**Q** 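Input: one structure, supplied below.
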Amino acid sequence: MSGDQLHNDSQIDSGSRTNDSHKHKDKHKDREHKHKDHKKDKEREKSKHSNSEHKDSSEKKNKDKDKVKHKDGSSEKHKDKHKDKRKDEKSKSSSRETKIKKEKENGFASPPQIKAEPESNHCLSPKHNKSLKRERDDDDTDFKPKKIKIENEKKAKKRKQDQEDIKPKKKTKDKRGTAADGKKRVKKEPEEKWKWWEEERYTDGVKWKFLEHKGPVFAPDYEPLPSKVKFYYDGKPMKLSPQTEEVATFFAKMLDHEYTTKDIFRKNFFKDWRKEMTSEEKSILTDLKKCDFTEMSEYFKAQSEARKQMTKEEKLKIKEENERLLQEYGFCVMDNHKERIANFRIEPPGLFRGRGDHPKMGMLKRRIQPEEIIINCSKDSKIPPAPAGHKWKEVRHDNKVTWLVSWNENIQGSIKYIMLNPSSRIKGEKDWQKYETARKLKKCVDRLRNQYREDWKSKEMKIRQRAVALYFIDKLALRAGNEKEEGESADTVGCCSLRVEHIKLYPEMDGQEFVVEFDFLGKDSIRYYNKVPVEKRVFKNLQLFMENKQPEDDLFDRLNTSILNKHLQELMDGLTAKVFRTYNASITLQQQLKELTNPDENLPAKILSYNRANRAVAVLCNHQRAPPKTFEKSMQNLQTKIDSKKDQISASRRELKSAKADAKVRRDEKTKKCVESKKKAVQRLEEQLMKLEVQATDREENKQIALGTSKLNYLDPRISVAWCKKWDVPIEKIYNKTQREKFAWAIDMAEEDYEF
DNA sequence: GTGTGCACTTAGGAACCCTGAG
DNA sequence: CTCAGGGTTCCTAAGTGCACAC
């Protein structure tokens, strides 16, 4: 192994999101192993790069904790060792060194036993308080909702009262609140933002009492190509029927994308395309290779070029039109409040592009007609009219769900929905609740960890598997891993669906004992690669689970997510596998912020610390991105700026020096002043330099890490808000406008002493 | 238990847009 | 004023988890 250290260069390997393909199958039956041919094309590989600097520092910081249990994390960059499939790939490894730190950070390292949280038993009582809502209420008291921190009691009381006042009113009103009614009040709302988090929540599954909206916006009709744009078959121009032509344009638009060269894509496309053809076309167009779409493709390129060249006025006009649509269709009224809709447009037809090695890539995604649309709204609302000459498939009034519109999608046969924006009450409450559940886990995580450690010794295989899987979910923040239907989507796995071929055991590696090497494709076919030292008992169990199995067999053959979640539910009310991800992400952020923030540093440095804490989480959760295409170049540019700034500084220093010398001789006011101003100039430049350097570091460390996903979905926003307050960092530096809207509740309620 | 449908969250990349350096 | 580049928004795929039928 050691050879592998490839790493020196940064570039690293990439991990590819590749896909290998094996398919495997269901548990217990035999599995066929089909190997797919293909190589991954150039799928882009991603690699994770870890910045050494970063690592060091964190390592340092964590040193102490390290000692505690395992230090794991050593991740090397991996090399190809996997013989099987991946070998050819350029495997790249993703080195996630940073992983190291996170572990400690999140407290795993600490010995299990422990006392730790005072109220650890808090979560013991699983079953009763069932209603989530209730739960929240309870919690409320503990996390001090609003600003007033003085006397909680009073506050609480008062709050309740307020609610009492408000609520009944509202609710009743809503009830029959006619549309007009609703709208009216809505109007003024913008001025004072509605603080839904100060109101009572619905219980028992009701999501709203009143809901009115305008229905979806459909994709524009197909506009046939000008007749001068020709399609050629076997070298001869051929006029296509509109339907056939439309589908052809979908392909033409993707012509320079790599997947139009993939066999599966072409095969799926051609099959679906033929279904749209007239019988005459069908008889002529029998070979995709003979189809020439280049003229069509050129035409679209020219069009998009033309769009770019439009005058300001034209652009403005388009913008206004979009704004008009947004105003008309982009909002709904839910319980007396105007709320923004997330996606009010029906997905336009096109060719399906799955991620990774998707068996359905290239299939035709059909155009959706009003006759396929289900509208959901309240009975007493104004029901949106279907487009002229059409009718809806159905209008229903189900207030136990949050969606406004739904339709069936033809590729996977799943249902698509139009729902509200993250800033809405309905999404916000749920989000808040999610973090409350994670905080509840915090209170009993030690107990749970002890429990699964005990279970490693169980006589029952099923329990052992469950315990080891849970350990991975907790320690490595793996996803649950539901089973998927083979052939319906790319071959990806999560914890419960790991196969023997996804891990390798090393009794000893690089001076560490019991190392497990993970290498698999997770959600979105993003590669997860990690080498982790585990406890001996876990290691032995893994050996046992792998005995007598083929590579394509399930590692945890007695386990699935439903068994696991059922167990978790018994341990803590509301607990599921994904809560561990939320919990570990948030606690890691909190701990990293504590460790990395230096009170004496200036604003940019503090922000860098924040980003590093955020990055530690992103690494933990394996949130990768393709390095921006312009990455190298932009890095270079930055470096150039830094260099020139340095030159400026030395020049400026020289001037200062000579001014000083001058002042020594002359000793008059004027020269003194001159020295002062030169001094200032040097300082200013140095500050600018620092800023640039911080920026460079931040960017470099972020090369293939995506911070957005964790920030949006895993980090309790109150942690960030509290940190901003504590260190006087403007919240705008951390959250942009959209994010501030989504997290308005947290921004309003978290104080600087908020503890996750 | 298993299989299936449904609702809803989480995810990365493309498209779009804005800004600040030159 | 232009244009690159980086942030933001849009888009929709791909997950999780629960309920329900058998």
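In the text below, chain A, chain B and the rest are named by the order of the sequence lines, each starting its count at 1. These figures come from a predicted structure and were not determined experimentally.
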**Q** Does A:Thr709 have a side-chain nitrogen or oxygen under 4.0 Å from the phosphate oxygens OP1 or OP2 of B:dG12?
**A**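 Answer is yes, contact under 4.0 Å.
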
**Q** Check this for me: does any side-chain nitrogen of one of A:Arg396 and A:Glu394 sit under 4.0 Å from a carboxylate oxygen of the other?
**A**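 A salt bridge is present here (some side-chain N lies under 4.0 Å from a carboxylate O).
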
**Q** Starting at CG of A:Asn322 and ending at P of B:dC17, how long is that distance when rounded to a whole Å?
**A**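 Result: 8 Å.
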
**Q** Please work out if A:Lys365 contacts a base, only the sugar-phosphate, or nothing of the nucleic acid, heavy-atom cut-off 4.0 Å.
**A**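 Here A:Lys365 touches the backbone only, sparing every base.
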
**Q** Taking only side-chain N and O atoms of A:Arg740, does any of them lie within less than 4.0 angstrom of OP1 or OP2 on C:dT8?
**A**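 A:Arg740 to C:dT8 OP1/OP2: no side-chain N or O under 4.0 Å.
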
**Q** Under 6.0 Å between ring centres, would you say that holds for A:Tyr329 and A:Phe344?
**A**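 Not under 6.0 Å, so no.
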
**Q** Any non-hydrogen side-chain atom of A:Val247 less than 4.5 Å from a side-chain atom of A:Asp272?
**A**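 Heavy-atom side-chain distance check fails, nothing below 4.5 Å.
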
**Q** Would you tell me if any nitrogen or oxygen in the side chain of A:Asn565 comes within less than 4.0 Å of OP1 or OP2 on C:dG17?
**A**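 Answer is yes, contact under 4.0 Å.
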
**Q** Looking at every strand, decide which applies to A:Lys315 at a 4.0 Å heavy-atom threshold: base, sugar-phosphate, or nothing.
**A**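 Answer is nothing: A:Lys315 stays at 4.0 Å or more from every strand.
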
**Q** Identify whether any heavy atom of A:Asn736 sits under 4.0 Å from a base atom; if not, whether one sits that close to sugar-phosphate; answer base, sugar-phosphate or nothing.
**A**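 Sugar-phosphate contact only.
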
**Q** Which is true for A:Gly494 with a 4.0 Å heavy-atom rule: it touches a base, it touches only sugar-phosphate, or it touches nothing?
**A**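 Nothing, no nucleic acid heavy atom in range.
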
**Q** Does A:Lys484 make a side-chain N or O approach to OP1 or OP2 of C:dG15 shorter than 4.0 Å?
**A**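 The answer is yes; a side-chain N or O of A:Lys484 sits under 4.0 Å from OP1 or OP2.
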
**Q** What is the distance from CD1 of A:Ile526 to P of C:dG15, rounded to the nearest Å?
**A**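 Distance, rounded to whole Å: 10 Å.
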
**Q** Does C:dG15 have OP1 or OP2 sitting under 4.0 Å from an N or O in the side chain of A:Thr492?
**A**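 The answer is yes; a side-chain N or O of A:Thr492 sits under 4.0 Å from OP1 or OP2.
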
**Q** Taking for each residue the nucleotide of DNA chain B bearing the nearest heavy atom, is the 5' side occupied by A:Glu485 or by A:Thr582?
**A**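 Nearest-nucleotide comparison on DNA chain B picks A:Glu485.
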
**Q** Please determine if a side-chain N or O atom of A:Lys207 lies less than 4.0 Å away from the OP1 or OP2 oxygen of B:dA7.
**A**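 Looking at the OP1 and OP2 atoms of B:dA7, neither is under 4.0 Å from any side-chain N or O of A:Lys207.
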
**Q** Classify the nucleic acid contact of A:Arg699 as base, sugar-phosphate or nothing, counting any heavy atom under 4.0 Å across all strands shown.
**A**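 Sugar-phosphate, backbone atoms only, no base.
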
**Q** Quickly work out the A:Glu394 CD to B:dC6 P distance and round it to whole Å.
**A**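 To the nearest whole Å, that distance equals 11 Å.
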
**Q** May I ask you to verify if any side-chain N or O of A:Lys566 is less than 4.0 angstrom from the OP1 or OP2 atom of B:dG1?
**A**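 It does not, given that no N or O in the side chain of A:Lys566 lies less than 4.0 Å from OP1 or OP2 of B:dG1.
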
**Q** Whole-Å distance between B:dG3 P and A:Glu488 CD?
**A**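 Computing the A:Glu488:CD to B:dG3:P distance gives 15 Å.
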
**Q** Less than 4.0 Å between a side-chain N and a carboxylate O, is that true for A:Lys737 and A:Glu741?
**A**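 Judged by the 4.0 Å cut-off on N to carboxylate O distance, A:Glu741 and A:Lys737 do form a salt bridge.
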
**Q** Flag the pair A:Phe743 / A:Ile734 as yes when at least one side-chain heavy-atom distance between them is below 4.5 Å, and no otherwise.
**A**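 Sidechains of A:Ile734 and A:Phe743: no contact.
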
**Q** Just how far, in rounded Å, is P of B:dA11 from CZ of A:Arg479?
**A**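 Going from A:Arg479 (CZ) to B:dA11 (P), I get 5 Å.
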
**Q** Hey, does the side-chain of A:Lys434 have a donor or acceptor N/O within less than 3.5 Å of a partner on the base of B:dT9?
**A**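 No pair found.
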
**Q** Classify the nucleic acid contact of A:Lys578 as base, sugar-phosphate or nothing, counting any heavy atom under 4.0 Å across all strands shown.
**A**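 The answer is sugar-phosphate, as A:Lys578 gets under 4.0 Å only of primed atoms, P, OP1 or OP2.
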
**Q** In whole angstrom, give the distance that lies between atom NZ of A:Lys308 and atom C1' of B:dA15.
**A**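 From A:Lys308 NZ to B:dA15 C1': 11 Å.
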
**Q** Could you tell me whether A:Lys360 contacts a base, only the sugar-phosphate backbone, or nothing, with contacts defined as non-hydrogen atoms closer than 4.0 Å?
**A**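 Here A:Lys360 touches no strand at all.
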
**Q** For a quick test of reading the model: is some side-chain N or O of A:Tyr714 closer than 4.0 Å to OP1 or OP2 of B:dT9?
**A**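 So the side-chain polar atoms of A:Tyr714 never come under 4.0 Å of the phosphate oxygens OP1 or OP2 of B:dT9.
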
**Q** Of the options B:dC6, C:dA13, B:dT2, whose atoms approach the side-chain atoms of A:Ile415 most closely?
**A**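 Nearest nucleotide to the side chain: B:dC6.
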
**Q** For A:Asn482 and C:dT16, is the shortest distance between a side-chain N/O and OP1 or OP2 below 4.0 Å?
**A**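 Yes, A:Asn482 has a side-chain N/O under 4.0 Å of OP1/OP2 on C:dT16.
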
**Q** Please work out if A:Ala577 contacts a base, only the sugar-phosphate, or nothing of the nucleic acid, heavy-atom cut-off 4.0 Å.
**A**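 Counting heavy atoms under 4.0 Å across all strands, the contact made by A:Ala577 is with sugar-phosphate only.
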
**Q** How many whole angstroms separate atom CG of A:Asn343 from atom P of C:dT9?
**A**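 It works out to 16 Å between those atoms.
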
**Q** Between C:dT8 and A:Thr738, is there an OP1 or OP2 to side-chain N/O distance shorter than 4.0 Å?
**A**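 The answer is no; no side-chain N or O of A:Thr738 sits under 4.0 Å from OP1 or OP2.
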
**Q** Base, sugar-phosphate or nothing for A:Pro422? Non-hydrogen atoms, less than 4.0 Å.
**A**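 No contact.
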
**Q** I'd like to check A:Met334 versus A:Lys207 (side-chain heavy atoms, cut-off strictly below 4.5 Å). Are they in contact?
**A**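 No, too far: nothing below the 4.5 Å cut-off.
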
**Q** Base, sugar-phosphate, or nothing for A:Gly481, non-hydrogen atoms under 4.0 angstrom?
**A**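 Sugar-phosphate: the residue A:Gly481, judged by heavy atoms under 4.0 Å, touches backbone atoms but no base.
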
**Q** Could you check whether A:Thr402 gets within reach of a base, just the sugar-phosphate, or nothing at all, counting any heavy atom under 4.0 Å?
**A**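 A:Thr402: backbone/sugar contact only, no base atoms under 4.0 Å.
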
**Q** At under 4.0 Å between heavy atoms, what does A:Tyr417 touch on the DNA or RNA strands: base, sugar-phosphate, or nothing?
**A**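 Counting heavy atoms under 4.0 Å across all strands, the contact made by A:Tyr417 includes a base.
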
**Q** Rounded off to whole Å, could you give me the CG-to-C1' distance for the A:Leu712 and C:dC11 pair?
**A**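 One finds 15 Å between C1' of C:dC11 and CG of A:Leu712, rounded.
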
**Q** Looking at B:dT10, I'd like to know if its phosphate oxygens (OP1 or OP2) sit under 4.0 Å from a side-chain N or O belonging to A:His623.
**A**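 For B:dT10, OP1/OP2 do not have a side-chain N/O of A:His623 under 4.0 Å.
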
**Q** Looking at C:dT12, B:dC8, B:dG13, which one has an atom nearest to any side-chain atom of A:Trp403?
**A**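 For the A:Trp403 side chain, the nearest candidate turns out to be B:dC8.
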
**Q** Please pick, from B:dA11, B:dA7, B:dG13, the nucleotide with the shortest atom-to-atom distance to any side-chain atom of A:Val401.
**A**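 Closest of the options to the side chain of A:Val401: B:dA7.
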
**Q** Please tell me whether A:His358 and A:Phe352 form a close aromatic pair, meaning their ring centres lie under 6.0 Å apart.
**A**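 Yes: the rings meet the under 6.0 Å criterion.
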
**Q** For DNA chain C, whose closest nucleotide is more 5', that of A:Glu347 or that of A:Gly522?
**A**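 The residue mapped nearer the 5' terminus is A:Glu347.
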
**Q** Could you tell me how the ring of A:Tyr259 sits relative to the ring of A:His257: parallel (under 30°), tilted (30 to 60°) or perpendicular (over 60°)?
**A**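 Geometry flag for A:His257 against A:Tyr259: parallel rings.
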
**Q** If you pin A:Ser406 and A:Arg353 to their nearest nucleotides in DNA chain B, which one's is more 5'?
**A**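 Whichever sits nearer the 5' end wins; that is A:Ser406.
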
